[in-house]
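Take a look at the structure set out below.
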Amino acid sequence: MKFSQMLIPTLREAPSDAEAVSHKLMLRAGFVRQLAAGLYIYLPLGLRVINKINRILREEMDAIGAQEISMPVMHPAEIWQTTGRWYEIGAEMFRLKDRTDRDMCLGMTHEEIMTWLASREIRSYRDLPQVWYQIQTKLRDEARPKSGILRTREFHMKDSYSFDADEEALDINYNAHAKAYHRIFERCGLKFYQVESDTGMMGGAAAHEFMASSQAGEDDIVLCDKCGYAANVEVAKSKPSDSGNTVWDFEEIHTPQKRTVKEVSNFLKAVPASFIKSLLMISDDKPVLVLVRGDQDLHEKKLSKIIGKFRAAGKDEILSILGVEAGFIGPAGHKVRMLADPSLKDGTYIGGANKSDYHVKGLKAGVHFNPEWHDLHTAKEGDRCVNCDNVLRIEKAIEIGNIFKLGTKYSLPLKAVYLDSNGNEKPIIMGSYGIGPARIAAAAVEQNNDKDGIIWPRSIAPFDVELIPLNVDDAKTIEVTEMIHKGLVAEKMEVLIDDRNERPGVKFKDADLIGIPVQVVIGEKGLREGLVEIKDRKTKQAEKIAVGDATRKIILLAH
RNA sequence: CGGGGCGUAGCGCAGUCUGGUAGCGCGCACGGUUCGGGACCGUGAAGUCGGAGGUUCAAAUCCUCUCGCCCCGACCA
């Protein structure tokens, strides 16, 4: 491919509305352009990367016996109504009507449609198992598209769906997918973790996410380096560190105008971990008093799993329900339902005195308050692993893939059933498995770049080698460039030739920006001694090679 | 959806407070000199100042409404 004939609009400066490193670099290097919020055009280089990723996806999916099929992007509403998701999902679903006023939607994911197909085509246990996948466009009207191609409103997804006779068979498919995903992300050159995750809108029994470490990530993952525990903070369990507080006798203390844990802990010179944070929530019109340790954050998802939807009570509600001014709530002496995090079970604590400008020391569970105990805190750096007591760490990560055990969540409503060997009708047991190719690309850039630009992992680079003839008016230079090119193409290498009539500096800068792993510089100076220069984009190390050996050496370096 | 910021030439920005003929750098076109890490000189093209309405002799600038984009939060395969 000739650079001069390809659309590679590199930019000296990044547009100001780009924030994430991957977004800036993909814009500057001419891989993508933005059409509107969350809508991106993939230019030739960008598309080549996506195609490389998709090829790996297909190879690995085919290797576990999955079959590629193609599904409509637009769906009739009825199917989504049958599973209830038409009503559960809000503005995130693009909805429209066709000319006959029939409700339609644009597919955010394809559980419904895949299950519909299974319900018509699978009859017998002899038809099982089946694994179907597609690599297609999904549409979600995201509340907040962001970070370039990381969160977009239209995106490609490799999504596969498994159909099995029973849970054991589902486990086999689930594990096969997990293994395939490991191979896929390894082949794409990513640093990633498999973590326990929430089942979210997919519903179902179990779920894992595949997470690529990156500052641009939207998720926090909790990791134990000793036993390997890994979980999204959305579901992570942890043992809080010791509260480090002393044993206090019960005592009321004057704390004028000190309301927050921070204010009171500064005032009393006691660590936040020696406090009880008392939060009043309203769920189903009923008050619930929630207690976590002063250094902890309430985990709202964990709480809502216990009490359902809830909201924080307003200042007036706190006063009318508890008879206390906000900031001085304590756990003692209330009749409302009370939940507490187990970290408060032992020891004595400081909390609100339930009257203005006073707190109390020496609060003790079982003596002054008797809550229901539930894990309610958000795991944080420095907490300990529930399995092995090792200190946990937290990393930011990009979700690049997920796997869900769906069970019968979709097969029951859509009547996807089969007859077992005894002639009994049974629901098909399903799993669903997604990967975002664009997120793989973005994560790869996030993890592999330097001040000069992108450093593509070889497996997903837009080209294997970039040839850089410095003076395109020099006959010898062109002759050698073409010779090397021919040799590489014969070995199935994908080669970009920067044949532009530009100064060397411009070509070097663009080559580093674009990030093709191997650069070959063909200059008159070197050619006088019969040499060309082979450069590794990542290490920036250059080697001068005799023209005759160039092709062989390049192939060695490019593999 | 809540909070904040920004829309001026293809890109990056100044000008807005204090109204008075729209500017700079890069890029682009042409000529010349250059040619191993984003060259230099000269000439030139290119802007409904996001849009609508209003105030005013006069609006990029002041007022009202509106659209778009980004960031934080909520939400999120």
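The basis for the numbers below is simple: all heavy atoms, side chains too, and nothing from hydrogens, waters or symmetry mates. Given the structure is predicted, the values throughout are model-derived calculations rather than measurements. Per chain, numbering begins at 1; letters A, B, ... match sequence-line order.
Aromatic pair A:Tyr181/A:His208: centroids not less than 6.0 angstrom apart. Here A:Trp116 and A:Tyr410 keep their ring centres 6.0 angstrom or further from each other. Under the 6.0 Å cut-off for aromatic ring centres, A:Phe163 and A:Trp132 qualify, their centroids lying closer than that.
For a distance-only test at 3.5 Å, the side chain of A:Asn471 fails to qualify as a donor-acceptor partner of the base of B:G36. Evaluation of atom-type donor-acceptor distances gives a pair under 3.5 Å for the side chain of A:Arg28 against the base of B:G38.
Using a 4.0 Å heavy-atom distance criterion, A:Asp159 is classed as making no nucleic acid contact. Note on A:Thr477: nothing from the nucleic acid sits closer than 4.0 angstrom, heavy atoms only. As judged by a 4.0 angstrom heavy-atom cut-off over every strand, A:Ala91 is placed among residues making no nucleic acid contact. Among the atoms of the strands shown, only primed sugar atoms or phosphate atoms (P, OP1, OP2) are found under 4.0 Å from some heavy atom of A:Ala14.
When distances run from any side-chain atom of A:Arg151 to the nucleotides B:A77, B:C70, B:C11, the shortest one goes to B:A77. Which of B:G38, B:G36, B:C76 sits closest to the side chain of A:Glu142 comes down to B:C76. Closest to the side chain of A:Glu13, from the set B:G12, B:G38, B:G36, is B:G12. Closest contact between the side chain of A:Phe155 and the listed nucleotides B:C70, B:G25, B:A77 involves B:A77. Considering only the side chain of A:Arg503, B:U34 comes nearest among B:U34, B:G27, B:C76.
Taking only side-chain nitrogens and oxygens, A:Ser16 comes nearer than 4.0 Å to OP1 or OP2 of B:G12. Applying the 4.0 Å criterion to OP1 and OP2 of B:G27, one finds that A:Arg12 has a side-chain N or O inside that range.
Summarising the geometry, the separation between CD on A:Glu502 and C1' on B:C28 is reported as 12 Å, rounded to the nearest angstrom. Between the NE2 atom of A:His23 and the P atom of B:C70 there is a distance of 8 Å, rounded to whole Å. Distance, A:Leu39 CG to B:G68 C1': 13 Å, rounded to whole Å. Taking atom CD on A:Glu300 and atom C1' on B:C76, their separation rounds to 15 Å, with Å as the unit. Per the geometry, CG belonging to A:Asn501 stands 13 Å off P belonging to B:G36, to the nearest Å. Across the protein-nucleic acid pair, A:Asp474 atom CG and B:G36 atom P stand 13 Å apart, rounded to whole Å. Between A:Lys146 atom NZ and B:G4 atom P there is a gap of 19 Å when expressed in whole angstrom units.
In this structure, OG in A:Ser160 is found 9.5 Å from CG in A:Leu57, a value given to the nearest 0.5 Å.
No side-chain donor from either of A:Glu154 and A:Tyr40 sits under 3.5 Å from a side-chain acceptor of the other. Donor-acceptor pairing under 3.5 Å is lacking for the side chains of A:Asn232 and A:Ser197.
Here B:C17 sits opposite no nucleotide as a Watson-Crick or G-U wobble pair (both hydrogen-bonding atom distances under 3.5 Å). Figure legend. B:C24 is base-paired to B:G12; pairs are counted as Watson-Crick or G-U wobble with both atom distances under 3.5 Å. Look at B:G53: its Watson-Crick or wobble partner, with both distances under 3.5 angstrom, is B:C63. In a base pair of the Watson-Crick type (N1 to N3 plus N6-O4 or O6-N4) or a G-U wobble (N1-O2 and O6-N3), with each distance short of 3.5 Å, B:A46 is matched with no nucleotide. With a cut-off of 3.5 Å on both Watson-Crick or G-U wobble distances, the partner of B:G68 is given as B:C6. Both distances falling under 3.5 Å, in either a Watson-Crick or a G-U wobble arrangement, occur for no nucleotide opposite B:C35.
Comparing A:Gln34 and A:Asn402, the nucleotide of RNA chain B nearest to each residue sits closer to the 5' end for A:Gln34. Looking at which nucleotide of RNA chain B each of A:Gly38 and A:Ala143 is closest to, the 5′-most match is held by A:Gly38.
Contacts between residues 518-530 of chain A and RNA chain B, defined by a heavy-atom separation under 4.0 Å, are made by A:Val521, A:Gly523, A:Lys525, A:Gly526.
Annotation: cation-pi geometry not satisfied between A:Arg95 and A:Trp80 (NZ/CZ under 6.0 angstrom from ring centroid, within 45° of ring axis). The cationic group of A:Lys405 lies under 6.0 Å from the six-membered ring centre of A:Tyr174 and within 45° of the ring axis, placing it in a cation-pi geometry.
Ring planes of A:Phe210 and A:His182: perpendicular class, angle over 60° (limits at 30 and 60°).
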